[in-house]
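Data block below; observations after.
Remember, it's a predicted structure, so these values are computed and weren't measured experimentally. Whatever order the structure lists ligands and atoms in, that order sets their numbers, starting from 1.
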Amino acid sequence: MAERYDVIVIGAGPAGYIAAVRAAQLGFKVACVEKWKNPKGELALGGTCLNVGCIPSKALLASSEQYENATSHLDAHGISVEGVKVDVAKMIARKDGIVTKMTKGIEFLFRKNKITWLKGHGKLAGATDGGFYRVEVSGESEADVNEAKNVIIATGSKARHLPDVEVDNVLVCDNEGALAFDEVPKRLGVIGAGVIGLELGSVWRRLGAQVTVLEAMPTFLAACDEAVSKECWKVFTKQGLKIEMGVKIGEVKRSKKGVSVAYTDADGKTHELGVDRLIVSVGRMPNTDGLGLDSVGLSLDARGFIEVDGQCRTRLPGVYAIGDVVRGPMLAHKGEDEGVMVAELIAGQKAHIDYNCIPWVIYTSPEIAWVGKTEQQLKAEGRKYKSGQFPFAVNGRALGTGESDGFVKVLADSDTDEILGVHIVSSAASDLIAEAVVAMEFKASSEDIGRICHAHPSLSEAMREAALAVEKRALNM
Ligand code: NAI
């Protein structure tokens with residue numbers, strides 16, 4: 001007899017494990033299916049984010065920043081250090097230790113919340129007459145069938161590869177291989193100047209690699225506010241990232257010496273870039289293979305994502321899909337919030353997400369973060385807006401830490417003063433953006449932020465000053 005659950009979640013990345021935890025908190029009998037194996041061959045929870053995404057990349061970003069501080073920035077503080085060296089193996093081992101700690105942490109959460117981990121590949125296998133869905137789990141042993149009233153599909157995404165460019169994760173890498181180099185490559189090529197390309201390109205540049213990023217689009221960071229992309233272009237190229245826009249990638253060849261990438265530049269000239277390693281970071285694709293969607297009559301949208309409504313319901317009652325496998329930004333926190341929302345909907349609560357209030361963060365240095373609309377979007381919508389901007393170059397705390405690149409920009413409605421978007425370039429943008437998210441969730445005006453006391457000296461003062469600048473009354477500029 002198949003084991004019966006109230007909720008089965010397929011996938012234990014940030015979307016899936018959070019959905020499982022919230023459903024368990026609400027009193028449901030929950031199981032979560034996960035098949036991920038780490039490089040040691042052990043089954044691990046956490047999905048891409050914890051194993052080969054957000055968490056390990058942030059560990060390496062921090063290590064490489066420490067190195068760059070020691071080699072390039074300490075001198076300005078009157079501190080001289082000699083003989084600074086990188087032990088890549090130790091750095092990678094530190095990162096792996098953090099990953100293990102985090103993934104084991106989810107095992108603890110599962111035990112604490114009495115969530116059953118079904119180890120293996122989960123697949124929908126039709127429905128019963130009694131309104132249960134069958135979920136088949138095939139692991140090391142024989143496939144085992146479980147049943148649930150509600151199924152949440154949270155199978156995430158995988159790296160998109162280029163046709164005819166084989167990724168071996170040694171010479172030609174996607175995010176997985178690029179987090180596990182055994183030495184600093186002298187010359188590193190990156191295809192795609194998106195989030196992963198810029199973050200991982202920055203890691204290896206700081207550690208000494210000569211990094212060339214090749215991007216197909218003519219505009220740098222096209223999704224960002226134009227003021228942000230302009231500032232970041234200036235800062236990143238000054239730091240030494242070589243970025244070529246508007247290229248067309250040709251043949252990618254491997255040799256004993258490394259990899260050569262043929263490409264045509266924006267003026268139509270052909271080039272051959274020789275590198276020791278190549279990262280391909282041209283986006284990600286939803287994981288929908290082998291899910292048995294047909295067995296229950298679920299379809300994909302035109303872009304290959306599982307079709308859902310604004311609250312992550314599929315067309316089948318009791319079947320939901322969340323995270324990277326559905327429309328919307330591929331951001332861990334977006335998936336987490338969808339997980340909470342769906343668990344609460346199953347419990348009959350009135351949950352919803354304001355997708356306009358989901359913050360975006362790119363962990364370069366300085367970091368980039370934003371929430372709401374960009375100035376280009378507001379122009380395209382014909383919305384009347386006011387804008388206020390304040391640079392960290394005149395913020396005492398930023399000068400003290402030596403991280404004074406960047407600014408805060410606040411966009412507010414011309415008539416109501418409601419905040420419509422906030423854009424930050426700063427060493428602490430990922431944390432500073434939280435204030436803007438709270439403000440927008442509560443429909444605050446720029447005047448509200450301007451009237452709130454902000455600690456001095458702190459980077460957060462720039463948020464207040466940018467809000468005051470909307471009415472042209474910044475105090476320190
Ligand atoms: P992305 O969509 O951010 O960037 C891919 C870039 O590659 C784009 O600029 C695109 O124009 C370019 N591109 C596509 N095809 C190309 C080609 N043939 N030649 C040259 N350039 C080409 O995707 P990325 O960086 O791979 O990241 C994948 C996903 O993971 C993103 O959706 C992102 O949201 C998520 N992610 C989020 C992070 C964060 O929140 N900090 C960190 C890492 C990933």
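- The shortest N/O to N/O separation between Tyr363 and ligand 1 does not fall below 3.5 Å.
- Counting heavy atoms from C-beta on, the side chains of Lys334 and Tyr355 come closer than 4.5 Å.
- By the criterion of a heavy-atom distance under 4.0 Å, both the backbone and the side chain of Ile196 are placed next to ligand 1.
- In this structure, Leu432 and Ser460 have side chains that are in contact, with non-hydrogen atoms separated by less than 4.5 Å.
- Distances between N or O atoms of Glu199 and those of ligand 1 include at least one value under 3.5 Å.
- Closest to atom 7 (O) of ligand 1 by heavy atom, among Ala223, Gly192, Ala159, is Gly192.
- Looking at ligand 1, you won't find any N or O of Ala193 less than 3.5 Å from one of its N or O atoms.
- Heavy atoms of Gly283 approach ligand 1 to within less than 4.0 angstrom.
- A 4.5 Å side-chain heavy-atom check between Lys373 and Arg383 finds every atom pair outside the cut-off.
- Contact check for Met440 versus Asp354: no side-chain heavy atoms found under the 4.5 Å cut-off.
- At a 4.0 Å heavy-atom cut-off, ligand 1 touches Val361 through the backbone alone.
- The closest approach between a heavy atom of Lys248 and any atom of ligand 1 is not below 4.0 Å.
- When the heavy-atom distances from atom 17 (C) of ligand 1 to Cys54, Ala216, Cys49 are ranked, the shortest goes to Ala216.
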